[in-house]
Peer 1: 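Just dropping this structure here.
A note on names: the letters A, B, ... follow the listed sequences, proteins ahead of strands, and every chain is numbered from 1.
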Amino acid sequence: MAQIGQILVDVPTMQTNDPYSYAIPAEWEHQLQAGMRVIVPFGRGHRMVDGVVVGVSDVTSFDGTLKPIEAVLDLSPVLNEELQRLADWLADETFAFRITCIQTMLPNLLKTKTEREIAPLAAITPAEKAQYFPDGEPRPFDPDKLDDGTVANLLKLQRAGKVTVLYHVKNQAAAKTTVGVAPLLPPAKLAEIQATVAKRAPKQADLLAYLQQMVPKQPQPQAKVVKAAGISSAVINTGAEKGWLEKSTLEVYRDPFHQPVKPTQPLTLNPDQAKAVTAITAAIDGDETQNFLVEGVTGSGKTEVYLQSIAVALRQKRTALMLVPEIALTPQMVNRVKARFGEQVAVLHSGLSKGEQYDEWRRIDSGAATVVVGARSAVFAPVKNVGLIIMDEEHESSYKQDETPRYHARDVALWRGKYNHCPVVLGSATPSLESRARAAKGLYTRLVLPKRVNDRPLPTVHIVDMREEMKSIGDSDFSTPLVSAIQERLDRHEQVVLMLNRRGYSSFVMCRDCGFVLKCPNCDISLTLHMDSHSMKCHYCGHEEAIPKICPNCHSHKIRYYGTGTQKVETALQAQFPTARILRMDVDSTRRKGSHERILKQFGNHEADILLGTQMIAKGLDYPNVTLVGVLNADTALGLPDFRASERTFQLLTQVSGRAGRSTKPGEVFIQTFNPDHYAIQLAQSQDYERFFVTEMAMRHQGSYPPYYFAVQVTASHEDEAVAAKAMYQIVDALKLDLSDQAIVLGPTPKAIARVKRKYYYQVVIKYKNEPDLKAGLEQIRQAAQIPARHGLAVTIDPEPMNFM
DNA sequence: CCGCTTGAAATA
DNA sequence: ATTTCAAGCGGT
C-alpha cells in the first residue's frame, strides 16, 4: 500500500492551517518521517512551496488525486516528537498558525527560500522575446522589484502560454565544510610503505608516520594534519594519488566563543544555597514534575545554585536548558556556565550569525551539546532527555514574544518540564506577581535565598525628593546628595553606575510660546533629539528630520528641548565632574555588534569611573569596585497607563540597586524621584520584596487585574482610523455573546500610542476568570479576520499581553 | 458581447 | 502566498 504524507504547507493562512495529503514517492517509502521538511507542488500551476511532514499514513480522507512530494530536504527529522507536539500546543495556545509556530522553533537557516524565474516558451514572438528577454535567458521574477506594467504584461504572456514561471527552492542550511583526510590503509600497511619510500621524499615518510597513528576512516581536518605532520598540502595530494589516504568533505562547527574561558570548580554553598540544590536535585531524581521559584536577593548566589543543579542533571546523563533574558546583556552569565561545563555548552541568541546559530543548533540536535544557554527562543532548543530547565530573571518581559506566535517562554518551559518529567526552576530577586502568586498557591516550591553570599550587607538606599531638590538646584539632573556621593567615589577611585530610566520618556522639542511639540508624521509620538546625528528621530518607525530652529506652528524662535536623554546627561555630568572618565551605554552607543560587551569590559577594567546608561545596565553586572548606584529619575514609568507600572518600577530599582557593593566594600544607592511616597519606591528602598508582593497583590485584587484575572487583548489596526475603530466595535459585539457577565471588557479604546507607522490601533482587553466559550469566540474572530486582512485591516489576539498600552 | 479589472476561492 | 475562477462594467 502506497504511503501518504500529511504535509503542513508554508502558507500561513487560516485556510491552510491543516495538513494536506501527498503521495510519497517509492524511493521515500518508509523513509519519510514526521518532522522532516519537504517541497511539494501547491496550487494549480507548478508552484512549489516548502512544508513540514506532520504525519505518515496509509489512508487519507481526501478523495481526489494526490500529488507526489517533489523533494525531501532532510534525512532525519528537524523536529523531534516533543517539538512537534509542542508546536501544536503553541498554535492552539497563542492563536497562531501551526506552520508559523514551527518556523519560530527552527533556526533561521532551516527556512527555505523560494526564488522565481520567468522563461520564454516556444510560442513567444521574436518581438516579445527581444523586449522581455534581451539575452534570451530566463530572468528573475520578483513582482516587488518590477514595475506594475511589466508584471501585467508578463502575466498576460503567461496566460497566452508564451512564457512560464520556474521555481527554485533553495535550502539555505549549508553547513560550513573543510577538507578532511583519513587513512585508507591499516597502520601496518602504511609502515611497510614508509620503509620503501625514496630517501629524497622525507615529507612523504612524515605523512605516512602521521597516518599510522590516526584511526582508519576517521577523517581529520587537512589543516590539522598539515600542521601536525609538518608537511605541505602538496604531500597530502601525493598521498591521495598513491591511495594511502582519502580526502573527504568534513563539516565544521563555527565556534561563537571567540575567547577561551578559564574552567571553574563548584564553590562552597551557604546553607540556603545547599538547601535549594538539595531540593532541586530530589526533583530531578523524582518522577513527579516539581517546579521551583528561587527567590534570591541580588548577590545571593543564584547562579551557583543553577550551576550545581545542572551538574546533577548532567551526571544522570540528562541535559539542561538555561534561559536568560537577553544574552547580549548578560555575557558574564554565559561565561560562568561555559567556564563550568566547557565544550558541552551551546549558546543560542540573536547576536550570533545565522551560520553560528545553525551550528549551535546542530550541536544540540546531535547531542554534542548537553547544556544550552539562550534567550527566549532557546526554549525551543532540540535538547533531548531534558533533566532541568532554568529560567533566570523570570520576571523579565523579554521572555514574552510580542509578535506571533505571542508565546511566553515561561509557559513553554513549564510545558517542556512536564513532557520531560523534569523540574523547571524560575529564579529572580523580584519574581513576577504571577509566579509568586502561583508559589503561594503551592504550584511552585519556594526556595528563598535571603542573604547575600559571605553575608555581605545589602546596599544602603537613599531616596532623594526631587520636588525639594528642584528648589535649590533648578532643573539640573543631579541632586546635591548624589553629587557629593559621586565626588566621594571619584576621590576613593571607586566606580559609579548611573541609570537614566527612559521608559516612556525622552527628550523632545517644545515651543515655549505656543506649546507645540514636534511629532513624527507617521506615528503619534514626539520625536527624540539626537545630538550625535544632529537630527530628530522617531523611536518607533525610524523617521528622521532636521532639528527645527523656529517653531513650525507659530514661527517663534523659543523652541527648546525638554526632558532628559543620556547624551544630554553625559554632557552635564562631564561639566560637573571634568576629570571623571564617563562611559555611556544606551541604544545608540551599543548599536554595533559587540559594542555592548566592549563597554562592559572597559568598565570592568576600570578604564572609566562612571557608567551612565539606560535600564540595560540594571541587569547582571557584577563589578566589585562599584560602590555607588544612582537612579536619576526613578518614576518615569510610574505614570504609564499600564497596570504593571509599579511592578516594573520596583523590579528595576531593586535590580539596579543590587549592582552596588557586590564585594567587600559596602554599597550605597541614591534614588531620585518626584514620588518619594509611592509604595513601589518606598519598598524598593527597604528592598522588601515580600511587602511589595502583598501590597501590589491588594492593588491587583482591587482593580481586577492579573494574577487575579486572566487577560486577553485583541487589537485591530488600519490606515483609516474609522475602519480600525469600526472593526473593533464589531469584534467586541461578537465576543460579548460568548462572555458571561463575570467578564470585564475594557474598551474598545485607541491604544496609548494610537498611531504607529501610519496605522491606527484600536484595542480591547478582556479580563476574566472562567469563560469556557471565550476560546471558541476568539477562534471565530481569527477566522473572520482572514477576509478583511486583504484590505489592510490587521487583527491580532494576544493572550496575557505584557503591554496594555 | 467581449475584454479587462477586481475580488473571492482554492490549493491535496 | 499565489494562482485560478467569477462577477461586474465600460467600451464596442
Peer 1: Tell me whether the ring of A:Phe62 lies stacked over the B:dA12 base, given a 5.5 Å limit on centroids and a 30° limit on the plane angle.
Peer 2: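 Here A:Phe62 meets both the 5.5 Å and the 30° conditions.
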Peer 1: Separation of A:Phe97 atom CZ from B:dT11 atom C1', in whole Å?
Peer 2: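 Atom-to-atom, A:Phe97 to B:dT11, this comes out as 15 Å.
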Peer 1: When the distance from NZ of A:Lys67 to C1' of C:dT3 is rounded to whole Å, what number comes out?
Peer 2: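 The answer, rounded to whole Å, is 11 Å.
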Peer 1: Are the side chain of A:Lys400 and the backbone of A:Glu800 linked by a donor-acceptor contact shorter than 3.5 Å?
Peer 2: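 Side chain of A:Lys400 to backbone of A:Glu800: a pair is present.
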Peer 1: In this structure, how many angstroms lie between the P atom of B:dA12 and the CG atom of A:Asp18, rounded?
Peer 2: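 The distance from CG of A:Asp18 to P of B:dA12 comes to 15 Å, rounded to the nearest Å.
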Peer 1: Which part of the nucleic acid, if any, lies within reach of A:Thr60 when heavy atoms closer than 4.0 Å are counted: base, sugar-phosphate only, or nothing?
Peer 2: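 Contact class for A:Thr60: none.
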Peer 1: Round to a whole Å and report the spacing from CD1 of A:Ile24 to C1' of B:dA12.
Peer 2: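 Answer to the nearest Å: 13 Å.
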Peer 1: Check the distance between B:dA12's P and A:Ile69's CD1 and give it to me in whole angstrom.
Peer 2: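 A:Ile69 atom CD1 is separated from B:dA12 atom P by 13 Å.
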Peer 1: Between A:Asp63 (CG) and B:dA12 (P), how many Å, whole number?
Peer 2: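 A:Asp63 atom CG is separated from B:dA12 atom P by 14 Å.
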Peer 1: Applying the side chain to side chain contact (heavy atoms under 4.5 Å, CB included) test to A:Phe97, which of A:Asn17, A:Asp10, A:Val11, A:Thr16 qualifies?
Peer 2: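 Filter result, single survivor: A:Asn17.
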Peer 1: Please evaluate the base of C:dA1 for a donor-acceptor partner in the side chain of A:Arg47 within a cut-off of under 3.5 Å?
Peer 2: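 Result: at least one qualifying N/O pair found.
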Peer 1: Could you tell me the separation between the CG atom of A:Leu8 and the P atom of B:dT11, rounded to a whole number of Å?
Peer 2: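 So the CG-P distance, A:Leu8 to B:dT11, works out to 17 Å.
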Peer 1: Using a 4.0 Å heavy-atom cut-off across all strands, classify A:Tyr22 as base, sugar-phosphate, or nothing.
Peer 2: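 Sugar-phosphate: the residue A:Tyr22, judged by heavy atoms under 4.0 Å, touches backbone atoms but no base.
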Peer 1: For A:Asn17 and B:dT11, what is the distance between atoms CG and P respectively, to the nearest whole Å?
Peer 2: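 Result: 16 Å.
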Peer 1: The criterion is side chain to side chain donor-acceptor pair (under 3.5 Å); which residues satisfy it with A:Glu779, sequence neighbours excluded?
Peer 2: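 Checked A:Glu779 against side chain to side chain donor-acceptor pair (under 3.5 Å); matches are A:Arg782.
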Peer 1: For residues 732-741 of chain A, which side-chain N or O atoms pair as donor and acceptor with protein atoms under 3.5 Å away, sequence neighbours left out?
Peer 2:
{"unit_1": "A:Ser740", "atom_1": "OG", "unit_2": "A:Gln742", "atom_2": "N", "d": "3.2"}
{"unit_1": "A:Ser740", "atom_1": "OG", "unit_2": "A:Glu771", "atom_2": "OE1", "d": "3.4"}
{"unit_1": "A:Ser740", "atom_1": "OG", "unit_2": "A:Glu771", "atom_2": "OE2", "d": "2.6"}

